[in-house]
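See below for the structure under consideration.
Residues take their numbers from the sequence shown, with the count starting at 1. Everything numeric in this text was worked out from a predicted model, so none of it was measured.
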Amino acid sequence: PSHKPMRFDNIVATPVKISKEDTKFSEELFKKYGLEWSFSCIPMDCWEFICGKIHEHKIKTVMEFGAGISTLLMYDMGLKVITYETEQKWIDKIKAINPNVDVRLWDGKTLICKPGEYDNPVDLAFVDGPCSGENREWSTKFASEHAKTVIVHDGGRPFEMKWQNRYLREKFAGPDKGGKRSHFWIKKNAAVPKVENPEKVQPGANPQGKQ
């Protein structure tokens, strides 16, 4: 039987674009890192969208899933960034460029945090990991629970759409789409539940609705 594709509503135009100063700043950092814009890392148009949202919503604190160029860029913008990465090779690669970044190895399901670290919501959660959309349920769930705003990279792919519908649609407004591949959501109610266990946060054995 045929299935109707999932739909997203409330799509609005992107209100802020990256400035010439930000573009120059980002390009200088890329030269510093010895990296280049690319589709496999983060394309320039997606970074423009993310950077615009950072300025528009005065983002200071970030929970990031998936270490990469964005980790370095946001850190050098002066943001407080905690990044969760499932592959040690990516942690080694990013920390070799900047050893000061806070990148934590995780299993894709259990959120490791310090006591009181998420008592208050972070300003932004950036969901760009783990690798493959089917593995991003927990990162989307944690983002929905502990952030005021959420950006989902590769937001138009089937699994990412599924997790957004499951965890973001009810309590967040959006998505605002930009950079061809990114979806932005903002929480309708700023109240965010506190982390019950300050050492680890782990939902039940199976995600909601998962067989």
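- Salt bridge status for Lys141 with Glu145: present, with a side-chain N to carboxylate O gap under 4.0 Å.
- Between Arg104 and Glu117 there is a salt bridge, with a side-chain nitrogen of the basic residue lying less than 4.0 Å from a carboxylate oxygen of the acidic one.
- Using a cutoff of 4.0 Å between basic side-chain nitrogens and carboxylate oxygens, Glu137 and Arg166 are scored as salt-bridged.
- In this structure, Arg136 pairs ionically with Asp154, as a charged nitrogen and a carboxylate oxygen lie closer than 4.0 Å.
- For the pair Lys80 and Asp102, the salt-bridge criterion is not met [side-chain N within less than 4.0 Å of a carboxylate O].
- For Phe184 and His57, the ring centers sit closer than 6.0 Å to each other.
- Taking the six-membered ring where tryptophan is involved, the planes of Phe142 and Phe65 are essentially parallel, since the angle between them stays under 30° and well short of 60°.
- More than 12 heavy atoms of other residues, nucleotides or ligands sit less than 6.0 Å from atom CD of Gln88.
- The shortest heavy-atom contact between Asp107 and Thr110 is OD1-N, 2.7 Å.
- Checked against Thr71 for a side-chain contact (heavy atoms from CB on, under 4.5 Å), the options Val101, Asp76, Ile91 give a single hit: Val101.
- Checking Ser70 against Glu64 by side-chain atom types alone, a donor-acceptor pair falls below 3.5 Å.
- Lys187 contributes a side-chain N or O that, together with a main-chain N or O of Ser144, makes up a donor-acceptor pair within less than 3.5 Å.
- The pair Lys148-Asp123 meets the salt-bridge criterion, with a side-chain N (NZ, NE, NH1 or NH2) lying under 4.0 Å from an Asp/Glu carboxylate O.
- No side-chain donor from either of Trp106 and Glu85 sits under 3.5 Å from a side-chain acceptor of the other.
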